[in-house]
Protein chains: 2
Amino acid sequence: MNDEKPPSTRERILAAAADMLAEDGLTARLSVRAVAARAGVSIGSLRHHFPTQQDLRDELTRRIFDWIAPTDPIDDRSLPARDRLAGCLGQVLAAVGAGPQAREALAVAVRTFVTAEQTEQVRASYRAVERDTQHRLEGWLRTLAEEGALSVDDVPRSARLLSTVVNGLAYQRAMPADDTLTERERETLYTAVDAVLRPHPPHRT
Amino acid sequence: MNDEKPPSTRERILAAAADMLAEDGLTARLSVRAVAARAGVSIGSLRHHFPTQQDLRDELTRRIFDWIAPTDPIDDRSLPARDRLAGCLGQVLAAVGAGPQAREALAVAVRTFVTAEQTEQVRASYRAVERDTQHRLEGWLRTLAEEGALSVDDVPRSARLLSTVVNGLAYQRAMPADDTLTERERETLYTAVDAVLRPHPPHRT
DNA sequence: ACCTGAACACCGTTCAAGT
DNA sequence: ACCTGAACACCGTTCAAGT
């Protein structure tokens, strides 16, 4: 059966932008004119579907994040430790969301813990959140420590670094960064993960 | 005695840019035309002294940081590389402050960039701040790379990790803190620094 | 060496006009 | 509703020309 539908203009625009991103990587310049030309669509038409250039980028990043990582891979021993740990951290970040959702998340956090009156109640709530995060991270790290990927003694300190990195990434996601910082985010995540795990677990290259 | 010297064009340009930054805060729009007009100088003249707009920004941030922290620990070669780098990051964090001051800093950042209407102006301002930070970090790392403390190829990636870590620490400083924050902060900072500098004993790959 | 401003090649957004 | 492209108001950089 033929369920091929002619791609809508909106989809063609998104596909064109995705192609450009895939080709040029981080340096891709997704200008109105370039994307419109690539999609074979007028500037006005692009603007009709995406009122601002940022709307285009937001939708694009939303799809990219949807496309990756639905499962928790810490127990998937078929993968290298670093990939499993990075996957877990990626899921934590997935909960933060991207674009407007990430901004909302940070705004809520700041409203709740920073600009709110600093009562003991507030402080306790934050400590609880912090502790949960720390426990979660330490759990993952202990799993990997049992496999020798790192020393158990390093678990708390490493968990703290990773939690700081995740906080930093969540912060950066909330900031009006450029289009898709996914690639750089991945890179930062892996740099942090490799800093925590034993140097060079796999011997192959 | 009169030691008043007529400010050079270069200084007038920097002063004009500094004024605009002081007036409008981080969202100040330091375009070639705006700065040149404010300084009473032509576009070409501005370009003669600052070949690119980023050169202007770099010099501006360099002076601002010189103003608040005149000594740069990176140049103190009597100390190990890791202590010098950690010292530089510590200075960045010192600007963030602690306690109420750190909360205020985060609140302002969120108000300015996150909950504010996401205009192109706002995005451009944040990108500029981000770029300035990145350049500053890369400058430090390049200094250490020349001494062999890390590879020049790793500089951009390492700078991004450190910038994420600093953002994460600034975030955590703003949150209702534990007592022993500073100690753990130091530890996290050093873990990150050691991750960036030549990892572990001289086991060459 | 320093300075000028026009010119160039971009950018994102708006909008009257078509279908 | 969807699409078009010209027009507008910016941007950073280049450059022939002046002093």
Side-chain angles (χ1 to χ4, degrees), chain A residues 5-21 23-61 99-100 175-181, chain B residues 5-18 20-21 23-61 113 116-132 134-135:
Chain A
K5 273 177 286 186
S8 68
T9 300
R10 185 186 161 85
E11 290 306 318
R12 291 223 315 283
I13 292 168
L14 284 167
D19 284 351
M20 294 168 70
L21 213 58
E23 279 178 17
D24 299 347
L26 294 162
T27 56
R29 291 174 71 81
L30 303 181
S31 75
V32 224
R33 285 162 187 78
V35 174
R38 177 70 170 251
V41 161
S42 71
I43 294 173
S45 184
L46 194 156
R47 265 295 154 279
H48 177 259
H49 291 284
F50 302 98
T52 75
Q53 206 62 2
Q54 190 60 36
D55 289 333
L56 209 191
R57 296 200 182 100
D58 284 347
E59 176 63 13
L60 211 53
T61 50
M175 291 294 145
D178 52 326
D179 38 298
T180 69
L181 42 91
Chain B
K5 273 176 285 186
S8 68
T9 300
R10 184 187 161 85
E11 289 307 318
R12 291 224 314 284
I13 292 168
L14 284 167
M20 294 168 71
L21 214 56
E23 280 177 16
D24 299 347
L26 289 169
T27 58
R29 212 176 168 76
L30 302 182
S31 76
V32 225
R33 286 161 186 80
V35 174
R38 176 72 169 249
V41 162
S42 71
I43 294 173
S45 185
L46 194 156
R47 264 295 153 280
H48 177 259
H49 291 284
F50 302 98
T52 74
Q53 207 62 3
Q54 188 60 39
D55 289 334
L56 209 190
R57 293 199 66 102
D58 284 347
E59 176 63 15
L60 211 52
T61 50
F113 295 120
E117 198 191 350
Q118 297 289 305
T119 63
E120 183 52 35
Q121 159 107 1
V122 165
R123 281 191 291 273
S125 302
Y126 176 70
R127 278 196 298 267
V129 169
E130 204 182 26
R131 260 202 313 275
D132 291 343
Q134 183 74 9
H135 281 186

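In what follows, every chain begins at residue 1, and chains take the letters A, B, ... in the order their sequences are listed.
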message: Using whole Å, what does the distance between atom P of nucleotide C/dC3 and atom CD of B/E11 come to?
response: 12 Å
Side-chain donor or acceptor of B/E130 paired with backbone N/O of B/S125 under 3.5 Å: no
Are any protein N/O atoms closer than 3.5 Å to N/O atoms in nucleotides 11-14 of chain C? If there are, list each pair with its distance.
residue: C/dC11; atom: OP1; partner: A/S31; partner atom: OG; Å: 3.0
residue: C/dG12; atom: OP2; partner: A/V32; partner atom: N; Å: 2.9
residue: C/dG12; atom: N7; partner: A/R33; partner atom: NH1; Å: 2.9
residue: C/dG12; atom: O6; partner: A/R33; partner atom: NH2; Å: 2.7
residue: C/dT13; atom: OP2; partner: A/R47; partner atom: NE; Å: 3.3
residue: C/dT13; atom: OP2; partner: A/R47; partner atom: NH2; Å: 2.4
residue: C/dT13; atom: OP2; partner: A/Q53; partner atom: N; Å: 2.9

field: 4.5 Å side-chain heavy-atom contact, A/E59 and A/R10
entry: yes
- prompt: Which whole-number value in Å describes the distance from B/R10 CZ to C/dC3 C1'?
  reply: 16 Å
- prompt: Under 3.5 Å, is there a donor-acceptor pair between the side chain of B/R38 and the main chain of B/A17?
  reply: no
task: Could you tell me the separation between the CZ atom of A/R12 and the P atom of D/dC2, rounded to a whole number of Å?
output: 14 Å
- line: To the nearest angstrom, the NE2-C1' distance between B/H49 and C/dC3 comes to 8 Å
message: Quick one, B/L60 and B/L21 - any side-chain contact, counting heavy atoms below 4.5 Å?
response: yes
message: Rounded to whole Å, please give me the gap between NE2 in A/H48 and P in C/dC15.
response: 15 Å
query: In dot-bracket form, how is DNA chain D paired, counting a Watson-Crick or G-U wobble pair only if both its distances are under 3.5 Å and using | for bases paired to another strand?
result: ||.|||||...|||||.||
- request: Find the distance between OG1 (A/T52) and CZ (A/R57) and round it off to the nearest 0.5 Å.
  value: 8.5 Å
message: When you measure from the side-chain N and O atoms of A/S42 to the phosphate of D/dC3, is any distance below 4.0 Å, counting only OP1 and OP2?
response: no
task: Taking all non-hydrogen atoms of both residues into account, name the closest pair between B/A39 and B/I13 and its distance.
output: CB-CA, 3.9 Å
Show which side-chain atoms of residues 40-49 of chain B pair as donor or acceptor with protein atoms under 3.5 Å away, not counting sequence neighbours.
residue: B/S42; atom: OG; partner: B/S45; partner atom: N; Å: 3.0
residue: B/R47; atom: NE; partner: B/P51; partner atom: O; Å: 3.4
residue: B/R47; atom: NH1; partner: B/F50; partner atom: O; Å: 2.9
residue: B/R47; atom: NH1; partner: B/Q53; partner atom: OE1; Å: 3.4
residue: B/R47; atom: NH2; partner: B/Q53; partner atom: OE1; Å: 2.7

Side-chain donor or acceptor of B/Q121 paired with backbone N/O of B/R29 under 3.5 Å: no
